Each structure stands twice: as C-alpha cells, then as structure tokens.
Amino acid sequence: MLFRSKGIDFARRAAAQGIKLQLILGPQYQPNAPTRPYRPSEFPSMWSGHPLSSADPELSHLSFQKLLDALDANGIVLAGLELGNEINWAAFNPEFPLPGEGKILSLSDLSHDPEGKRIADGFRQYVKVLAALKEVRDHSRLNRNTPLISAGLVGAADGAKLYNNKREDMVSLSATIAFLRANGLDSLVDAYGIHTYPSSGQPGNPVAAANRTARFTRVDIAECRAAGNSGGTACWITEWGFDDRDLHSHRPGRQHGK
C-alpha cells in the first residue's frame, strides 16, 4: 500500500518534480474470505483473488483512512483515486466463475442469469466500498477535492463475442455502468474509468481507421458525458494501448471486442 514508507517516499519525490499520481486502490477482505485459486495451466491470465461480494466496507474504510492520513501528513495531493480494476471481467474480478458461460453478459443477465446475478451481488458490494472511500476522501485535509474514479472498465460491447474461446466472461461496458448507476454510482464518483485497446489492424487504411473511431464512440465512450451534463458523468481513460507486433510490447489477451 502507498502509505508504507517506500510508497510515500516515491509519491513525495514525484510531487517534487511536479508529478501527481493517480492511485488505484482495492477493497479489503476478511482473512477467511473465499478465494478463487489461480489456475495457470487452464486460465493463465485469470488471476486469483477474492470475489467482490466478500469485500468488507468497514475494513476498507480503515485502510482508506490510514492511506489518506499518511498522504495528508506528508503533504501529498493525488491526481485521482480509482477504486478497483476491470471489475467487469473474469481476469480481475474473481466473482466470475471459471469457466464461465462463454459470453459477454448484458444488463438483463445481471438480473436473470445465475452467473449474472452472482456478479451483480459483487457489484452492489463494490458500491458500498466506493461509498466508504468517498466518505474518507471527503474528510481529507489535502485530498478532499481529488477526483474519485470508478474501476477502469473493459470496453466490451453488448452482443459481441468474447475475444477468445476460453469462457473467460465479461459484462458489457454499458451494462456495467447502467447497473452501477442504478445502485448509486453517480452520487459517488467524479468520473467513470474506461480502458480502451483499439484494433491495430490495417494501419493507414482509412476505412479501418473510421471503424476504430466508430467503435470507440459507440462503445468505449458512449456512457461519457461532459462535466455538468445530466444522464451520466465524465470519463477518464485510465488504461489504453495498441498491439505493436514489431516491438512485441502488447500485453497478451488484451484485444477486447475485436
């Protein structure tokens, strides 16, 4: 955690150079919380961890308080506080079973599909932890105006096919935001976190470029609104990239929604 001495020292040195950090935080769990094990031979990019429905808002509040107190004590102002990472995908949300259903779940699935209802329980618990973070943030001496950002979300499109055949499920971006909004998201965050990995195929082809732009508009930023507008909130693109086949720098398994 950042409040440990090395993390605080790094943040202080960054601040001295005029650099503000955007910090990703995670919920806290009881020691006996259920765990989805890592199964590298079957699902090498699906990490172990606790299901979101087991997140403990009170433990999380204590952890967030300790962090914000340490930041205040060291004169550190962050660029943003982002809670969680890609909670709408099996890789980073162990609420998803492995294997799953082999699909991108819709908003209806979160109410009617057995797997979807399980994931919805985790989303509801996530909102409770988010409320705990906001309460701590709002009472911080230095970071009370630091933007609070939802978990960066995978840009999965409603009705699309999974990017592979391993049954590593997702919930669509629009369904995730709609469900979280129905459970109070907009009263808690200053922005939605968005992750985007556009296809890099056919470089220089104007039709391919137009298709990338259209998908970006139709899926990745469709739920974004300018600050002050009704019906949503602003978005921060907190993770992005292209598949660079020459440098082999692209992270495997991140070509979502191709």
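From a predicted model like this one, the values you see are computed outputs, not experimental measurements.
Here the side chains of P97 and R118 are in contact, with some heavy-atom distance below 4.5 Å. Within the 4.5 Å cutoff, the side chain of N88 has no heavy atoms near those of the M170 side chain. The side-chain heavy atoms of L81 and F64, taken from C-beta on, include no pair separated by under 4.5 Å. With contacts defined as side-chain heavy-atom distances shorter than 4.5 Å, the pair M46/K166 does not qualify. Considering only heavy atoms from C-beta on, K103 comes within 4.5 Å of D113 through its side chain. L52 has its side chain out of reach of F96: every pair of non-hydrogen atoms, C-beta onward, lies at least 4.5 Å apart. Inter-residue side-chain proximity for I194 and L173 is flagged as met; some heavy-atom pair is nearer than 4.5 Å. Inter-residue side-chain proximity for L71 and I8 is flagged as met; some heavy-atom pair is nearer than 4.5 Å.
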- [ ] Determine, stepwise, if the pair V127 / L185 fulfils side chain to side chain contact (heavy atoms under 4.5 Å, CB included).
- [x] CA-CA 7 Å; V127 173; L185 179 68; 5.5 Å; no
TODO: Output, in order, the C-alpha distance, side-chain angles, deciding distance and verdict of side-chain hydrogen bond (donor to acceptor under 3.5 Å, both in side chains) for T238 and Q22.
DONE: CA-CA 9 Å; T238 57; Q22 179 190 308; 4.7 Å; no
TODO: Report the C-alpha separation of I104 and L162 in whole Å, then their side-chain angles, then the decisive distance to 0.1 Å, and conclude whether the side chain to side chain contact (heavy atoms under 4.5 Å, CB included) test is met.
DONE: CA-CA 6 Å; I104 296 174; L162 286 175; 3.8 Å; yes
TODO: For side chain to side chain contact (heavy atoms under 4.5 Å, CB included), just list the numbers for T35 and H50, CA-CA rounded to whole Å, side-chain angles, deciding distance to a tenth of an Å, and then say yes or no.
DONE: CA-CA 5 Å; T35 302; H50 307 299; 3.1 Å; yes
Open item on the list: Let's go through Q30 and L59 carefully: what are the C-alpha distance in whole Å and the side-chain angles of both, what is the deciding distance for side chain to side chain contact (heavy atoms under 4.5 Å, CB included) to 0.1 Å, and is it a yes or a no?
Closed with: CA-CA 8 Å; Q30 293 286 349; L59 280 181; 3.7 Å; yes
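Side-chain atoms of Y126 come within 3.5 Å of backbone atoms of A151 as a donor-acceptor pair (strictly under, hydrogens ignored). Put simply, the side chain of D186 never gets that close to the backbone of R181: no donor and acceptor are under 3.5 Å apart. Counting only distance, with no hydrogens or angles, the side chain of R212 and the backbone of P198 share no donor-acceptor pair below 3.5 Å. Between the side chain of N143 and the main chain of I76, a donor-acceptor pair closer than 3.5 Å is present. A donor-acceptor pair under 3.5 Å is formed between the side chain of D169 and the backbone N or O of E101. Between the S140 side chain and the V136 main chain, no donor and acceptor come within less than 3.5 Å of each other. R215 places no side-chain N or O within donor-acceptor distance of the main-chain N or O of N211, the cut-off being under 3.5 Å. Side-chain atoms of D220 do not come within 3.5 Å of backbone N or O of T196 as any donor-acceptor pair. With hydrogens and angles ignored, the 3.5 Å screen pairs no side-chain donor or acceptor of Y29 with any backbone N or O of G49. Within the 3.5 Å criterion, the main-chain N or O of W47 finds a donor-acceptor partner in the side chain of R36.
Ion pairing of D190 with R137 is present here, as a side-chain N (NZ or NE/NH1/NH2) and a carboxylate O approach within less than 4.0 Å. Electrostatic pairing of K6 and D9 does not count as a salt bridge here, judged by no charged N lying under 4.0 Å from a carboxylate O.
Listed by chain and number, the residues in a ring-ring contact (aromatic ring centres under 6.0 Å, His included) with F216 amount to none (sequence neighbours excluded). Legend: residues meeting side-chain hydrogen bond (donor to acceptor under 3.5 Å, both in side chains) with R39, ordered by chain and number and at least two apart, are E42. The ring-ring contact (aromatic ring centres under 6.0 Å, His included) search around H61 returns none, not counting sequence neighbours.
For W240, the CH2 atom is loosely surrounded, since the number of other residues' heavy atoms within 6.0 Å does not exceed 12. Residue-environment remark: CD (E58) stays at or below the threshold of 12 foreign heavy atoms within 6.0 Å.
Residue S174 comes nearest to D158 through the heavy atom pair OG-OD2, 2.7 Å, listed as atom of the first residue, atom of the second, then distance. Counting all heavy atoms, side chain and backbone alike, S106 lies closest to A175 at C-CB, 3.7 Å. Heavy atoms only, all atoms of each residue included: S150 and G193 are closest at OG-N, 2.9 Å. A90 and L98 get closest at one heavy-atom pair: CB-CD2, 4.1 Å. Across all their heavy atoms, Q28 and S63 have their closest contact at CG-CB, 3.6 Å.
Taking hydrophobic clusters as Ile, Leu, Val, Met, Phe, Trp and Tyr residues chained together by side-chain heavy-atom distances below 4.5 Å, L148 does not share a cluster with L142. Cluster annotation: L68 and L130 are assigned to the same hydrophobic cluster (Ile/Leu/Val/Met/Phe/Trp/Tyr, side-chain heavy-atom contacts under 4.5 Å, transitive).
The aromatic rings of F123 and F179 sit tilted, their planes meeting at an angle between 30° and 60°.
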